[in-house]
There are 2 protein chains.
Amino acid sequence: MQRKTGQRRAIRLALEQADRPLNAQEVLDCAQLQVPKLGIATVYRNLKALVETGWLLAVELPGEPARYEVRGGAHHHHFRCDSCGRVFDIPGCPDDIEATTPEGFRVDRHEITLYGVCAHCP
Amino acid sequence: MQRKTGQRRAIRLALEQADRPLNAQEVLDCAQLQVPKLGIATVYRNLKALVETGWLLAVELPGEPARYEVRGGAHHHHFRCDSCGRVFDIPGCPDDIEATTPEGFRVDRHEITLYGVCAHCP
DNA sequence: ATAGGTGCAAACAGTTTGCATGTAT
DNA sequence: ATACATGCAAACTGTTTGCACCTAT
């Protein structure tokens with residue numbers, strides 16, 4: 001991740017301009033507007049590297065390809081619309097999440113996903 | 001799903017005897033003890049059918065193959081051990097989960113996964 | 001007898017990797 | 001000049017499907 005390349009810039013731009021988490025294919029489609037010869041392998045390599053540096057956050061929902069969002073604000077969770085398939089950020093977090101964790105288990109982190117219909121869908 | 005076959009019985013038995021959600025490969029390994037010629041395609045076909053009838057519950061964690069558990073008790077969530085990779089049931093559920101859902105969103109269901117180290121791992 | 005199930009292998013989707021080529025430094 | 005980055009294609013994993021054969025009913 002030490003050189004500035006056109007593909008790298010295009011990939012970052014795609015993620016910065018998105019208003020929601022994008023998957024690898026969406027990043028490719030968007031970044032190819034600027035670098036048409038961009039390949040999917042390069043997208044994956046850069047996404048992985050950007051997650052490792054902490055610039056990106058991987059949003060992985062069960063059964064679907066991973067999405068990525070620029071690590072911005074505070075701890076939050078996600079809402080997936082069953083109608084349009086898009087994923088949105090949900091601020092905040094319940095505070096009693098670990099309440100019923102069995103004795104002897106140590107909880108390091110958690111994921112919450114809400115499913116339903118978003119405000120833009122009928 | 002209308003005939004009683006040996007492979008179907010073996011698959012159901014594997015899931016009934018497991019004390020945790022199993023993925024397709026684990027079901028195959030276990031069921032093959034009784035039906036050695038059992039194929040993975042049959043396992044997938046039966047898992048899908050059993051989920052559709054409601055007998056099974058799919059436990060899908062991001063980035064890993066789906067696991068399946070017999071639909072038994074009450075609403076619950078899951079804990080994944082980062083050390084041994086096994087998944088355990090966690091009883092109960094925080095009650096203020098939908099608290100910060102934005103206006104206009106309708107929440108139909110939710111998934112919570114805790115990550116950490118289980119009681120059996122050092 | 002016959003519709004439903006099975007096994008095998010091929011097809012698939014998403015992701016990763018090996019390698020020759022290209023390019024920012 | 002040279003190490004890092006890219007593109008392509010092949011490999012890989014988990015899952016699904018087409019098809020001929022098998023079997024519970």
Side-chain angles (χ1 to χ4, degrees), chain A residues 1-15 18 21-53 55-69 80 85-87 113, chain B residues 1-15 18 20-53 55-69 78 80 85-87 113:
Chain A
M1 287 297 296
Q2 53 250 76
R3 293 184 187 179
K4 298 178 185 171
T5 67
Q7 19 282 78
R8 198 156 280 173
R9 181 167 27 252
I11 289 169
R12 273 204 273 247
L13 188 63
L15 289 155
L22 302 181
N23 65 33
Q25 188 61 50
E26 290 170 327
V27 172
L28 177 65
D29 294 343
C30 184
Q32 272 185 337
L33 298 178
Q34 301 186 60
V35 185
K37 291 179 49 183
L38 180 63
I40 189 73
T42 297
V43 172
Y44 278 111
R45 278 189 279 240
N46 277 278
L47 289 176
K48 175 181 271 191
L50 289 168
V51 167
E52 277 162 9
T53 69
W55 191 79
L56 271 187
L57 195 64
V59 179
E60 307 192 72
L61 303 200
E64 326 196 17
R67 292 169 171 87
Y68 301 85
E69 67 184 355
R80 181 185 184 279
R86 284 181 298 182
V87 171
T113 310
Chain B
M1 289 296 296
Q2 54 249 77
R3 292 184 188 179
K4 298 177 187 173
T5 67
Q7 21 280 79
R8 198 155 280 173
R9 180 167 28 251
I11 289 169
R12 274 204 272 246
L13 188 64
L15 288 156
R20 58 191 177 84
L22 302 181
N23 64 34
Q25 188 60 52
E26 290 170 328
V27 171
L28 177 65
D29 294 343
C30 184
Q32 273 184 336
L33 298 177
Q34 302 184 61
V35 185
K37 290 178 49 181
L38 180 62
I40 190 72
T42 298
V43 172
Y44 278 110
R45 277 189 279 241
N46 276 278
L47 288 176
K48 174 180 271 191
L50 289 168
V51 167
E52 275 163 9
T53 69
W55 191 79
L56 271 187
L57 196 63
V59 179
E60 306 192 73
L61 303 200
E64 324 195 19
R67 293 168 169 88
Y68 301 86
E69 67 185 355
H78 296 94
R80 181 185 184 278
R86 285 182 296 182
V87 171
T113 310

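Residue numbering restarts at 1 for every chain, and letters A, B, ... go by the order of the sequence lines. Keep in mind that what you see is a predicted model, and the values were worked out from it rather than measured.
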| said: Quick check for you: among D:dT6, C:dT15, D:dG14, whose closest atom lies nearest to any side-chain atom of A:Arg8? | reply: D:dT6
| request: Mind calculating the distance between CZ (B:Arg9) and P (D:dA24) to the nearest angstrom? | output: 9 Å
| note | Nearest-nucleotide check on DNA chain D, B:Gly6 vs A:Lys37; residue mapping nearer the 5' end is A:Lys37
| What integer distance in Å separates B:Gln2:CD from D:dT23:P? | 18 Å
| field | Protein-nucleotide distance (B:Glu64, atom CD; C:dG14, atom P), rounded to Å | value | 19 Å
| Between atom CZ of A:Arg45 and atom CZ of A:Arg8, what is the distance when rounded to the nearest 0.5 Å? | 10.0 Å
| Euclidean distance, atom CG of residue A:Leu47 to atom P of D:dA5 [Å, nearest integer] | 15 Å
| task | Give a yes or no on whether a donor-acceptor pair under 3.5 Å exists between the nucleobase atoms of D:dA3, that is its base, and the side chain of A:Arg3. | result | yes
| note | Paired with B:Leu28, the side-chain contact (heavy atoms from CB on, under 4.5 Å) test is passed by just one of B:Asn23, B:Leu38, B:Leu22, namely B:Leu38
| remark: d(B:Leu15 CG, B:Trp55 CH2) to nearest 0.5 Å is 5.5 Å
| said: On the nucleotide C:dG4, are OP1 or OP2 found under 4.0 Å from the side-chain N or O atoms that B:Thr5 carries? | reply: no
| task | To the nearest 0.5 Å, tell me how far A:Ile11 CD1 sits from A:Gln32 CD. | result | 10.0 Å
| query | Would you call B:Arg12 and B:Leu50 a side-chain contact if the rule is heavy atoms closer than 4.5 Å? | reply | yes
| How close or far is atom P of D:dA3 from atom NZ of A:Lys4, stated in whole angstroms? | 22 Å
| query | For B:Met1 and C:dA3, what is the distance between atoms CE and C1' respectively, to the nearest whole Å? | reply | 16 Å
| message | At less than 4.0 Å, is any side-chain N or O atom of B:Gln25 found next to OP1 or OP2 of D:dT15? Yes or no. | response | no
| request: Sugar-phosphate means primed atoms, P, OP1 and OP2; the rest is base. With that split, encode nucleotides 16-22 of chain D 5' to 3' as B, S or - using protein heavy atoms under 4.0 Å. | output: BBB----
| field | Side-chain touch B:Thr113/B:Val87, heavy atoms, less than 4.5 angstrom | value | no
| Does OP1 or OP2 of D:dG7 have a side-chain N or O of A:Gln7 closer than 4.0 Å? | yes
| field | N or O in side chain of A:Asn46 less than 4.0 angstrom from D:dT6 OP1/OP2 | value | yes
| request: Decide yes or no for B:Glu26 and B:Arg20: does some side-chain heavy atom of the first lie under 4.5 Å from some side-chain heavy atom of the second? | output: yes
| Atom-pair distance (CG on A:Asn23; C1' on C:dG14), nearest Å | 10 Å
